[in-house]
Amino acid sequence: MAGLRKTVLACGAALLALAAGCACAGCREAGPTARDRAIGAEALAHAEALVAAHPTRVGGEGSAEAAAWIAARLPREGTRIDRFGTPFGPMANVWHCRAARPVAVLVSHFDTKAGIPGFVGANDGASTTGLLLALAGEGALPVAYLFVDGEECREAYSAQDGLQGSWRAARAGAIGRDTPVIVLDMLGDAAFNPGLAANGSPRLNALLRRAGEAVGVPLGDAGDVVDDHVPFVAAGYRAADIIDFDYGPGNAWWHTAQDTPDKLSADALARAAALVRRAVGLLEEERE
Ligand SMILES: [Zn+2]
């Protein structure tokens with residue numbers, strides 16, 4: 001019986017392998033590479049470490065300590081902290097750039113929303129911060145990295161409330177208006193279902209869709225989203241927002257104490273890395 005059982009299992013495995021092979025041949029997807037998987041694993045480790053070190057990162061209330069934590073994990077060369085005052089207290093963005101001519105700015109917010117007991121923002125804040133830290137640490141992409149504070153609003157989004165770090169960066173003109181801005185948000189969910197904000201720049205959205213199709217990460221339509229791309233679009237940049245706004249049953253984990261590191265997945269972050277790397281490659285081709 002033991003031998004027969006083994007044979008049956010082996011056949012099952014062969015059938016599964018055949019099925020997987022057929023699926024890949026049919027759609028010609030180039031999924032995450034070993035390099036993407038290494039970035040995904042490192043991104044997850046950074047996200048878990050950020051939540052452990054700074055579980056609460058409310059803009060103006062201790063977010064500066066989180067900014068210092070992020071800066072300390074970036075290569076020293078090309079890293080600077082931009083501190084600024086807001087009605088809610090002092091905030092800080094972290095910049096990192098070693099590229100002579102960056103083809104894009106990759107943006108993630110790192111702050112958490114106030115007033116939600118137990119909220120640590122593992123997916124909403126830490127996941128894409130971890131992804132940017134992993135990509136910046138690898139140092140292979142010709143991009144600038146921007147970690148923004150104060151994305152979450154206190155009461156309701158307005159010119160004075162929410163998106164504080166991205167308004168600051170967009171108005172400061174620290175990057176040329178011809179440099180595209182790609183915002184990444186909530187991309188660590190194990191049930192990975194990323195989409196594009198409809199109120200992003202159409203040409204950049206089209207390029208990101210092409211990148212997603214090339215690496216087997218099709219991008220859905222997230223509808224109009226209030227996120228960190230908005231100030232950049234308003235300031236005349238080409239800007240887009242990649243967001244998986246489908247987190248838990250009926251998005252039930254969003255902005256709750258259930259947004260914890262155990263919901264995150266290295267595989268999702270690897271797929272996000274593959275998407276970003278391909279998009280940057282397309283932007284390099286576009287510039288040439
Ligand atoms: Zn949020």
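One-based numbering, in listed order, for ligands and for the atoms of each. Just so you know, these numbers use all the heavy atoms, side chains as well, and skip hydrogens, waters and symmetry mates.
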Quiz prompt | Backbone or side-chain N/O/S of Glu151 under 2.8 Å of the Zn ion (ligand 1) | solution = no

Quiz prompt | Student check: side-chain heavy atoms of Asn93 and Ile81 closer than 4.5 Å | solution = no

Quiz item: When you draw lines from the Zn ion (ligand 1) to OD2 of Asp124 and to NE2 of His255, what angle lies between them, to the nearest 10°?
Solution: 90°

Quiz prompt | Name of the Glu152 atom (N/O/S only) found closest to the Zn ion (ligand 1) | solution = OE2

Self-check item: Hphob cluster co-occupancy, Leu135 + Leu50, side-chain heavy atoms under 4.5 angstrom
Solution: yes

Quiz item: So, Asp227 and His229: side-chain donor and acceptor under 3.5 Å apart, yes or no?
Solution: no

Exercise. Classify the ring geometry between Trp254 and Phe245 as parallel (under 30°), tilted (30 to 60°) or perpendicular (over 60°).
Key: perpendicular

